[in-house]
Amino acid sequence: MQAWQVHENGEPGEVMRLSEVERPTPGEGQVLLRVRAANINFPDALLCRGQYQVRPPLPFTPGVEICGETEDGRRVLANPALPHGGFAEYALADARALLPAPDSLDDAEAAALHIGYQTGWFGLHRRARLEAGETLLVHAAAGGVGSAAVQLGKAAGATVIGVVGGARKAAVARELGCDVVVDRHAEDVIAAVKEATGGRGADVVYDPVGGEAYAQSAKLVAFEGRIVVVGFASGTIPSPALNHALVKNYAILGLHWGLYATKNPKLILRCHEELTALAASGAIKPLVSERVPLDAAAAAVQRVADGVTTGRVAVVMDKGAAV
C-alpha cells in the first residue's frame with residue numbers, strides 16, 4: 001500500500017515521503033481500516049516536527065483523524081493508532097473507539113467532525129458551560145478548530161465574535177455565522193471587541209492560539225467569564241497572571257480532549273450522538289475548504305502548518321480501493 005512516512009523530524013513538506021509499504025497488522029484490540037478520507041490537523045505538523053506530546057518511533061505515518069471503512073463495509077470515524085496514521089491507504093485503530101460516520105456527511109466532512117468538533121463541544125459545554133444568550137469570542141475563527149467552535153456556539157444560542165487574520169478569513173468567518181468579525185490585521189482586537197460588547201467583554205473565550213491571543217483574552221473576558229485554553233498554534237505558551245484572574249473574577253479552563261478516551265469514554269459517545277444530531281439537522285457542517293489526493297498530502301500538511309488555510313483540508317482516497 002502507499003503511505004506517507006516521516007523518517008526524520010522537520011517541516012512536513014520536507015520530511016514526509018510517499019512510500020510503498022506493507023499493510024499494518026492489527027494488534028490486540030485493533031482493527032485494520034481502509035482510509036476513505038483523512039483530515040489534516042495542526043498536530044500532524046507538530047508530529048512531523050517532533051514537537052507533539054506524543055512522539056511515535058521513526059519512521060511513522062502521520063494523520064490523526066480519518067473516516068475509514070471496516071472489513072464488513074461499515075463507515076466509521078477513528079483516531080489512527082500511531083505509528084500507522086491516516087495519510088495512507090490503510091490504518092490501524094482501537095476497535096473499541098470507533099464511531100459511526102454520520103449519514104448526513106460525506107467522507108471528508110465526516111472525518112472533520114471528530115477532533116475539532118469534539119474539542120469544541122467539550123470546551124464550550126463540558127468545561128465552560130456556555131449558555132444561550134451569552135457572548136462567545138473565538139480566536140482563529142476561520143480555522144479548523146475555530147470554525148467548529150463558531151458553529152457550535154451558534155447552535156447553542158450564543159452571540160459569536162470571531163477573530164481572524166486577513167480579509168479572506170474574515171469572509172469565511174461571516175459565512176460560518178459569526179455575528180461580529182474582527183480582522184486582527186486591520187483592527188485593534190481589544191477595542192473592536194469592547195465596542196461590540198458595550199465594554200463588557202465576552203462570557204466565554206475559546207483560544208486555540210495562545211501567545212498574543214491569550215493576552216487579548218485576559219483583557220476581554222467578562223466578569224465571571226471563562227477562558228478555554230485549547231492549544232498554542234502561535235507557538236508561544238502564555239504564562240497567565242493569576243492575580244489578574246483573581247482581581248477580575250474569571251476562570252482559566254484547560255482542555256485536553258484526548259484524556260476523555262481513558263477518563264470518561266462514555267462522554268465521547270454522548271458527544272458524538274449530539275454532534276450527529278446537529279449535523280443531521282443542518283445546525284453544524286464541517287467546512288472542508290480543500291479535498292486533495294493522497295499524493296498531495298505533504299504539501300497540504302505544510303499549508304496547514306503555515307496557517308494559510310481555512311476550515312479543514314482533507315486527503316480523499318481513491319474510492320476504487322477495497323479491503
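All values reported here derive from a predicted model rather than from experimental measurement.
Rounded to the nearest 0.5 Å, atoms CD1 (Ile40) and CZ (Phe87) are 5.0 Å apart.
Using a distance-only test at 3.5 Å, with no hydrogens or angles considered, no donor-acceptor pair links the side chain of Thr61 to the main chain of Gln5. Here the side chain of Glu65 pairs a donor or acceptor atom with the backbone of Ile115 at under 3.5 angstrom. Between the side chain of Arg75 and the backbone N or O of Pro102 there is at least one donor-acceptor pair closer than 3.5 Å. His114 places no side-chain N or O within donor-acceptor distance of the main-chain N or O of Cys67, the cut-off being under 3.5 Å.
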Check: residues 250-267 side-chain donor-acceptor pairs under 3.5 Å, at least two apart:
from	atom 1	to	atom 2	distance (Å)
Tyr250	OH	His244	ND1	2.8
Trp257	NE1	Gln118	OE1	2.9
Thr262	OG1	Leu259	O	3.1

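Checked for salt-bridge contact, Arg74 and Glu69 miss the test: no charged N lies under 4.0 Å from a carboxylate O.
A continuous path of ILVMFWY side-chain contacts below 4.5 Å connects Ile161 to Val221, so both sit in one hydrophobic cluster.
Taking 4.5 Å as the limit, some side-chain heavy atom of Val6 sits within range of a side-chain heavy atom of Pro62. Considering only heavy atoms from C-beta on, Asn41 stays 4.5 Å or farther from Val304 through its side chain.
Atom CD of Glu22 has 12 or fewer neighbouring heavy atoms from other residues, nucleotides or ligands inside a 6.0 Å radius. Counting non-hydrogen atoms of other residues, nucleotides and ligands closer than 6.0 Å to NZ of Lys194 gives a total of 12 or fewer. Environment of CD in Glu195: sparse, with no more than 12 heavy atoms of neighbouring residues, nucleotides or ligands closer than 6.0 Å.
Screening residues 162-186 for salt bridge (Lys or Arg N to Asp or Glu O under 4.0 Å) gives Lys154-Asp179 as the qualifying pairs, with residues at least two apart or on separate chains.
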